[in-house]
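Protein chains get the first letters and strands the later ones, always in sequence-line order, with residue 1 at the start of each.
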There are 2 protein chains.
Amino acid sequence: MAGVSQSAVSRAFSPTASISARTRQKVLAAAASLGYRPNRIPAIMLSGRSYMVGVVIGGLQNPFYATALEQLATALRENGLQVMLMHVEDAVTLDSALDQLVSYRIDAVVTSLAIGSDTVVRALSQLGIPVVCFNSSRVGPWISTVNSNNHGAGLTAARLLAHNGIRYPVWLAGPVRNAASRARGEGFRQGLHDAGSPPAALSVLQGDDTYDSGYDAIARLKKRGVRPDGIFASNDMMACGAIDALRECMGLHCPRDVIILGYDNIPQAAWRSYDLTSFSQHTEHMVARTMELLDEALATQDTPLSRTYVVDAQLIERGSTGCAP
Amino acid sequence: MAGVSQSAVSRAFSPTASISARTRQKVLAAAASLGYRPNRIPAIMLSGRSYMVGVVIGGLQNPFYATALEQLATALRENGLQVMLMHVEDAVTLDSALDQLVSYRIDAVVTSLAIGSDTVVRALSQLGIPVVCFNSSRVGPWISTVNSNNHGAGLTAARLLAHNGIRYPVWLAGPVRNAASRARGEGFRQGLHDAGSPPAALSVLQGDDTYDSGYDAIARLKKRGVRPDGIFASNDMMACGAIDALRECMGLHCPRDVIILGYDNIPQAAWRSYDLTSFSQHTEHMVARTMELLDEALATQDTPLSRTYVVDAQLIERGSTGCAP
DNA sequence: TTGTATGCGTTATCAA
DNA sequence: TTGATAACGCATACAA
């Protein structure tokens, strides 16, 4: 009815196409009245690019990941990329999840999963598309990583404890398979060692990054008869659980009896009941680096890119280490 | 090289296709060795169904929405649907966001946005695809909603306050445009009225669903010279802020001096420092209802479905209303 | 059961 | 500037 060819319609919606203003007007008017909207699906077949990025994530109940996802989604959209979200609880479902993503011809994958096993790394490598990992230092062809300086933060935490004359330090660890957590712990040990603290003084508690695991860990510590005076927790949620348990189970108050540091600087760390000193991962920077990696990797689509960025974490001092509000 | 036709390949990957086990074997073996994976994009063109659902969400820093998204994403994947995530901060970006989603031929939209304006409703209706709204009772063609019983929860909150002999109740409201929050407030007013509380006794504080706004609201209340003894907050984050402000600014402790209820039952409500009584929205139920709506709407693709589900919110009593832990 | 042919809605190429 | 045409990778109807 509009009396134009199908190519004219295509050109009308392409800003760079060579088309007269008159024709474009006519097409756009007809489109508006008919409710026509261009379909991007065929273009995916022709160009081989979908402009969709698979975002594989787990543990959204951790506000850190929720915030990171929010920022990442915003950044991707600003760069003309769509987010195909895949929530994964365990490595078992990851394989089929990746299959699904690949069948939609996503251009790349961004994941914040704590990649623990080599099989997962291999699966990611074999996709043959760029992969960017948040906070998991595993590498391989096609795989790039953006990490915060976990080891350095551990050192800083140890120094701060030493500076406060801590004698009974505690490392509240995250899941064993979490490489970022391990790096924080190693930095912390080394920092304590550098400060002359005897290794035997350190108590190590195993948690799983949840509030409850932080709470329970302190309860276990009490049974062991240890009275801590300085704690570094691998993330803020465990630190919050620890603060509550210290008060309720051991009658210890923060920072009077014990100082404590967390990691991630989640919003709750600033809530007055916790007032928790923490390391900020600067997700804005990390997201920006991720976008750079994606841009570069997608520009050179054929050649596997494998790069690592390390973004320094910033110590945010609050009341839990004695800093005035 | 495999010596089979292109249709044979297609059939090998279709569980229902008529193909011999031998041929399928051969194809799958060749696919594995060549790294071939079927492409779902052409099928979208042929069938007109993408099996992608647009999920439009805002405010992921609220753990309630983060958890809801997690459950929704899981449910969608279990039903063979992909999640195309769209994070939207303001209604301005919504329009272009919807355009992008539609150009990818998503089958439906699920949104948890607080739909405030009629223009947004119209935009959603005009997509011509099923839309399911979480907690926003606006209706229109193609639009279905899944709400929690906000009004009923308000009534319950008022009754609980009345039962505790509260004389100076406070309603800590969410954003004005948030229909769910308004319904909670109306239920609360009505419940107070039913209990014989004089309307003038009620203090109304305006918040925006953030922790800070809850904190600041209480600070304002102090300036007004009001000493509250019972508070109903439109969400848990504001309630947490209020609890901290009550203690820090007014020296009031919970539940000794003032009892308080929130809404959403976020994980932090169970954290020991807050121990907050709250209404659980039963996101599992709401997500299940959402999936039912989607299934039905996608089955009858041509005819606009418009249905409303109301899921009762459940009162979870904790220490903030005097319930023993 | 298997292979051949057609078409889905675009973009890119080429001719007019 | 415009229109006609090929091609993208698969599913399906049909023929063998």
- prompt: Which part of the nucleic acid does A:Ser47 contact within heavy-atom distance under 4.0 Å: base, sugar-phosphate only, or nothing?
  reply: nothing
- prompt: Any cation-pi pair here, B:Arg49 with B:Tyr51, using under 6.0 Å and within 45°?
  reply: yes
query: Passes side chain to side chain contact (heavy atoms under 4.5 Å, CB included), B:Ile266 versus B:Asn235? Steps please.
result: CA-CA 9 Å; B:Ile266 62 177; B:Asn235 83 355; over 6 Å; no
Distance in angstrom units between [X] [atom1] and [N] [atom2], rounded:
X       : N      : atom1 : atom2 : value
A:Arg24 : D:dT2  : CZ    : P     : 10 Å
A:Arg49 : C:dT11 : CZ    : P     : 15 Å
B:Tyr51 : D:dC10 : OH    : C1'   : 15 Å

Verify whether one side chain among [X] and [Y] offers a donor that lies under 3.5 Å from an acceptor in the other.
X        : Y        : result
B:Ser306 : B:Ser144 : no
A:Thr67  : B:Gln61  : no
A:Ser7   : A:Ser10  : no

field: Any A:Tyr36 side-chain N or O less than 4.0 Å from OP1/OP2 of C:dT10
entry: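 Yes, because at least one side-chain N or O of A:Tyr36 sits under 4.0 Å from OP1 or OP2 of C:dT10.
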message: I want to check one thing: is the phosphate of D:dT1, taken as OP1 and OP2, less than 4.0 Å away from some side-chain N or O of A:Ser18?
response: yes
field: Partner of B:Gln281 by side-chain contact (heavy atoms from CB on, under 4.5 Å), out of B:Asn135, B:Asp312, B:Val311
entry: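 Of all the options given, the one that passes is B:Asn135.
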- prompt: How many angstroms lie between CE in B:Met86 and CG in A:Leu76, if you round to the nearest 0.5 Å?
  reply: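 That separation rounds to 10.5 Å.
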query: Of B:Arg105 and B:Ala21, whose closest DNA chain C nucleotide lies nearer the 5' terminus?
result: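 Taking each residue's closest nucleotide, the earlier one in sequence belongs to B:Ala21.
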- request: Kindly state which residues belonging to residues 37-46 of chain A come within less than 4.0 angstrom of DNA chain D, counting heavy atoms of the residue only, listed by number.
  value: A:Met45, A:Leu46
- request: Note down the inter-axis angle between the two ends of the helix from C:dT1-D:dA16 to C:dA16-D:dT1, five pairs each, to the nearest 10°.
  value: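 Inter-axis angle at the ends, rounded: 40°.
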Any side-chain heavy atom of [X] within less than 4.5 Å of one from [Y]?
X        : Y        : answer
A:Met84  : B:Met52  : yes
A:Leu94  : A:Val120 : yes
B:Val132 : B:Thr145 : no
A:Pro267 : A:Pro63  : yes

Each nucleotide N or O in nucleotides 12-16 of chain D that has a protein N or O under 3.5 Å away: list the pair and distance.
none

